[in-house]
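Quick note on labels: first sequence line is chain A, next is B, and so on, each numbered from 1.
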Amino acid sequence: MRLRIAPSPTGYLHVGTARAALYNWLLARQKGGIFILRIEDTDKVRSKKEYENDIMRHLKWLGLTWDEEYRQSERYELYRKALLQLLSEKKVYISYDEPHVEGDRRPADTRAFRKNAVFEFQTGKQGGVVRFMTPDHEEVVCDDMVRGPIHFNTDDIEDFSIAKGLDEPLYNFVVTVDDIDLGITDVIRGEDHISNTPKQMLLYKALGHTPPRFGHLPLLLATDRSKLSKRKGTTSMKDFVTQGFLPEAMVNYLALLGWHLGASSETGRASAADQEFFTLDELVKVFSMDRVRKSNSVFDMAKLRYFNSHYIKALPLDDLLKRLEPYYEQQPHVAEIAGATNHPLHERFRRAVQVEQSRAELLSDLVTAVASYRDESQPCDPAMLHWKIMTTEETIASLQHSKSLIAGLRGDEELAELQASLLQKAGEYKQGDRGALLWPLRVALSNKEKSPSPFELVWVLGKDESCDRIEGALARLRT
RNA sequence: GGCCCUAUCGUCUAGUGGCUAGGACAUCACCCUCUCACGGUGGAAACACGGGUUCGAAUCCCGUUGGGGUCACCA
């Protein structure tokens, strides 16, 4: 089994391309086949090396490694040979006709070009286009892996162009020549290629080969059910990366968009126990084309984020710390602390990550959250420190009480131990109204209305920094 | 417009002739709780429509409507 992903380097790796790559890769790995990356760079004007690099980088980021690599720009000899062959067999012809009359948007009657057909390029004449001599009244049937047989009538297919001159072969032609040459057995691609399929099947026949199996995947749609475009949201893999998505989440979500394992119970009814979390390795085992859906799917950022937070939570701390590294440039001073294990604030940083881990949906958010644990944060609005209808005197008393409790700590307590002892003290304070003790403490430590619990904050900041912050808050209250 | 694909909660989906139409995300309520998250429990929420076939249709057939793709000397 030989499969391929054939992106054209005219843009950054698109999420739709990534999904097609994933499905091809999964099948190849499952069947012990070969997964090929073929860069379709015959469009010399729009193809850019930058895009090619981006596509490769992000396929790797997803974990989709390839076994063979080709570039169409390096294979022109192959296309030229095939073109000459078809020309000599008069299965294609050269046309110098203009495809469209000026101002006319109707499709041209390309078959009419046949009356001026020639089979050799005229010297000195510009703009000869090679067209396929599409047969009349023939049925072409594509037995699609996801849709079943799709019927086409060749009368609906024009004499499509396959090359500009001898040295500029066009899409349908290069794809076919390459897929034959590379021995591609299965073509899994987007539904937008369905209309190309009969043309390519015709070319297979003309070149004396049997077409591969085709499988056309449903398309990814924006929330308004229109085509997924840059304006409608994130589409390129590199943007998902900078936003802080994990490849595990991306792979998992993409796999589920158009594919489903099916219910595990015999009744056929799904239950909460049904699996929706899959690693790449698990997908290799259970993925199958016959469970691919036929209809298009809307790309839902909210669910992707849900998967992302799930995988962030599941990451071991050291692993998570490593994944965070690319995001430090958004918070330069974090990089300094995180990078040096002997930095005085390094342990605090690690603890901050640990505390924020369960709260973050995106890696970039996590880095931002962690950055607020540094020393030089601004003192807060004293009014925020009051719990319910506490007076300034009561709040001061509360904070002083907290401070004496924290000052009495050994300083190396585990989080659970620390929480238990502080919680007990809070229960004894003010008839068990914990907020009277915990709210001012938490606000004094975080300078925020919303934050992790004061226990976690003390654990992260340490005894000394915690006392300093409480002292700072007290000073503000007294003025 | 021609050709092609497609149609279950807002979204992703389970379901292949008999189900109180199930799950997940999102949403709402409650619980947990000093706040925000996390977590837990519960609720609201769907078979596009019209004809058939059948004892019986979300499931099969036809049509309508909606959505999508494609109609380049791009890929």
State, without any angle test, whether [X] and [Y] hold a side-chain donor-acceptor pair at a distance under 3.5 Å.
{"X": "A:Asp300", "Y": "A:Tyr253", "result": "no"}
{"X": "A:Glu50", "Y": "A:Tyr12", "result": "yes"}
{"X": "A:Gln122", "Y": "A:Tyr96", "result": "no"}
{"X": "A:Lys448", "Y": "A:Ser372", "result": "yes"}

Considering every strand shown, what is the Watson-Crick or G-U wobble mate of [N] when both distances are under 3.5 Å?
{"N": "B:C32", "result": "none"}
{"N": "B:U11", "result": "B:A24"}
{"N": "B:G18", "result": "B:C55"}
{"N": "B:C71", "result": "B:G1"}
{"N": "B:G63", "result": "B:C49"}

Can you identify which nucleotide, out of [options], has its nearest atom closest to the [X] side chain?
{"X": "A:Glu98", "options": "B:C73, B:U70, B:U35", "answer": "B:C73"}
{"X": "A:Pro454", "options": "B:A24, B:C34, B:C12", "answer": "B:C34"}
{"X": "A:Ser451", "options": "B:C34, B:G69, B:U35", "answer": "B:U35"}
{"X": "A:Leu219", "options": "B:A14, B:G68, B:A75", "answer": "B:G68"}
{"X": "A:Arg442", "options": "B:G15, B:A75, B:C34", "answer": "B:C34"}

Could A:Arg75 and A:Tyr70 be counted as a cation-pi pair, given that NZ or CZ must be under 6.0 Å from the ring centre and within 45° of the axis?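 Checked: cation-pi criterion met.
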Between A:Lys199 and B:C71, is there a side-chain N or O to OP1/OP2 distance below 4.0 Å? no
Could you give the distance separating [M] and [N] at their [atom1] atoms, to the nearest angstrom?
{"N": "B:G43", "M": "B:A21", "atom1": "P", "value": "15 Å"}
{"N": "B:A7", "M": "B:A46", "atom1": "C1'", "value": "12 Å"}
{"N": "B:C61", "M": "B:G42", "atom1": "C1'", "value": "42 Å"}

Quick check: does any side chain N or O of A:Arg147 sit under 3.5 Å from a backbone N or O of A:His216, one acting as donor and the other as acceptor? yes
Whole angstroms only, please: what is the CZ-C1' distance between A:Phe152 and B:C71?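 Answer to the nearest Å: 13 Å.
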Distance check needed: B:A72 P versus A:Lys164 NZ, whole Å only.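 Between P of B:A72 and NZ of A:Lys164: 14 Å.
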Generate the contact string for [range]. Rules: B means base contact, S means sugar-phosphate contact only, - means no protein heavy atom under 4.0 Å.
{"range": "nucleotides 60-65 of chain B", "result": "------"}
{"range": "nucleotides 38-46 of chain B", "result": "S--------"}
{"range": "nucleotides 5-11 of chain B", "result": "SSSB--S"}

Are side-chain heavy atoms of [X] and [Y] found at a separation under 4.5 Å?
{"X": "A:Ile180", "Y": "A:Val177", "answer": "no"}
{"X": "A:Phe287", "Y": "A:Val292", "answer": "yes"}
{"X": "A:His193", "Y": "A:Val187", "answer": "no"}

Which part of the nucleic acid, if any, lies within contact of A:Phe455, taking any heavy atom under 4.0 Å across all strands shown: a base, the sugar-phosphate backbone alone, or nothing?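 The residue A:Phe455 makes base contact.
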When all nucleic acid strands are considered with a 4.0 Å heavy-atom cut-off, which category describes A:Leu441: base, sugar-phosphate, or nothing?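 A:Leu441: no heavy atom of the nucleic acid under 4.0 Å.
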Assert yes or no for the condition that the ring centre distance of A:Tyr373 to A:Phe349 is strictly below 6.0 Å. no
